[in-house]
Amino acid sequence: MEDMTFVLFGATGDLAKRKIYPALYNLYVEGKMPESISVIGLGRTELTNEDLQAQVEEALNEFSRRDVQSENIQEFLSKFRYFIFDAMKEESYDRLRKYIEDRESELGIPDNRLFYLSVAPRLVEMITTQLDKSGVSRTNGWRRLIVEKPFGSDLESARELNACLKQVFDEEEIYRIDHYLGKPMVQNLESLIRPNPILKALWDHDQIANVQITASETVGVGSRASYYDKAGAIKDMVQNHLLQLVMMTAVHHEKKLSPKQTEEKKREIMESLQPVEPENLSTHVIRGQYEEGELSGEAVPAYRDESGVTEGSNNDTFFAAKLCIDNEYWRGIPFYIRTGKRMNEKSTRIVIEFKKDTDDAGIVSNLLVIQVNPDESISLRVNMKDNSTDQFEPQYISFSDNSSTQPEAYERLLYDGMVGNSTYFAHWHEVELSWEWVQPILDAFEQDEVPLHFYPAGSKGPSASHELLEKDGFEWN
Ligand code: BG6
């Protein structure tokens, strides 16, 4: 890997502490870091290099999957420098350029620069523009920009944001993070199917009855009401994570795909995704919100009673929909997606339900269950005869790998960003097409054209989401 400077905007933020520092440390321990790297953490607070290094160490102790090792921690921390930076002030950028250049000369490294924007979305455009204006991003070596979600707050703002980034960086240099794409099971989808002809042969509409993608959470809105009450599940989870899971599941992996081919295939899927017709909005899309209820034996308040939520808010904390991909593989096979806060369990999974070819009593359809989160496993539901009762019983053949040696999503994504592999990042056309699919639904929510279904906290979501599948003769698995 080439030597580089890693410029982190938002070095004292929550994401840096929980995800970015642990990811860097684990990469370092595994020898997946450049020989020489300058990590420059930017923030407005007045801190010294030693203060930042102490914060990084504290973050590692709290959040790293691997224990901090006394023999290497000092060397790791010595790569970090703190730079006081105010994104609103032009002079900050000139000072930053000089600071990065000085450090590059000191370490004798080329001007390869990776800019990681872990900042409030409103700052992204300004920082990018200023990086260019001040010359910070004009390098002889490579430069890349990693941007966190949300990428825009609707179709129009996403396009504006992209146009702004494109004035400075080429698409190949922009790495839009969707941490679901870093999850091992999502990345394994390709290697699950391609080398297994048995699965490849089953992967189409002759064999599959439907696909179900669930991302349920037990947490509520927490302290994020000011953001979430405007975003709702549709912007927070569906436009990005869930549609990415749809794409990753629907892509056909006949052969190993290059990053460019993956991008094209995902784009094709999104182009084949049918928009929800206005007359189907209230039947194919379910909008829900949690009421008070109970979770792990504790009473929890209704969404509308959570601190920071607007009085009488109609915001969606639950979303489910039926999607149709009109291409040769998936025509006629419904994809059902759902996500919700304050549900009965934390679970992200992709379930492929196969067609049954008999209605014999007790026989259930075969299911391939890809458990993405929090545990990782693959299981296949089969019908087995219990010889003592002579009845068929569903049984699961399962494989799981929950060892702590598995790199976390951010480790994989940061590594890819450092080596310049954009396969598991969200490319612009996918993002734009996702917003295009979501936008009419957002508008309908805005106009209150889609009913709001309430569900008790701790439940499996509104009954309307179960009816969505029942109408087609299925049920959520
Ligand atoms: C984030 C959302 O992107 O993903 C959160 O903003 C959500 O609201 C989180 O809780 C879920 O991620 P994970 O990895 O826990 O499934």
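Values reported hereafter were calculated over all heavy atoms of this structure, with side chains retained and with hydrogens, waters and symmetry mates removed. Throughout, residue positions are numbered sequentially from 1 according to the sequence presented. First listed ligand is number 1; within each ligand, the first listed atom is number 1.
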Revision key, fill the gap. F454 meets the ring-ring contact (aromatic ring centres under 6.0 Å, His included) criterion, sequence neighbours left out, with none
Point to revise | Set of side-chain contact (heavy atoms from CB on, under 4.5 Å) partners for V219, sequence neighbours left out | key: E217, K341
Exercise for review: Find out whether I441 and I234 are in side-chain contact, i.e. whether some heavy atom of one side chain is under 4.5 Å from a heavy atom of the other.
Suggested key: yes
Review point. What does the list of residues with a heavy atom under 4.0 Å from ligand 1 look like, ordered by chain and number?
Key: K149, H179, Y180, K183, E217, R224, D236, M237, H241, K341, K346, N373
Exercise for review: Could you check V450, N315, V438 and say which one makes a side chain to side chain contact (heavy atoms under 4.5 Å, CB included) with F445?
Suggested key: V450
Review point. Quick one: are the ring centres of F335 and W330 less than 6.0 Å apart?
Key: yes
Check your understanding: Which pairs pass ring pair (Phe, Tyr, Trp, His ring centres under 6.0 Å) with one or both residues in residues 259-278, sequence neighbours excluded?
Key -> none
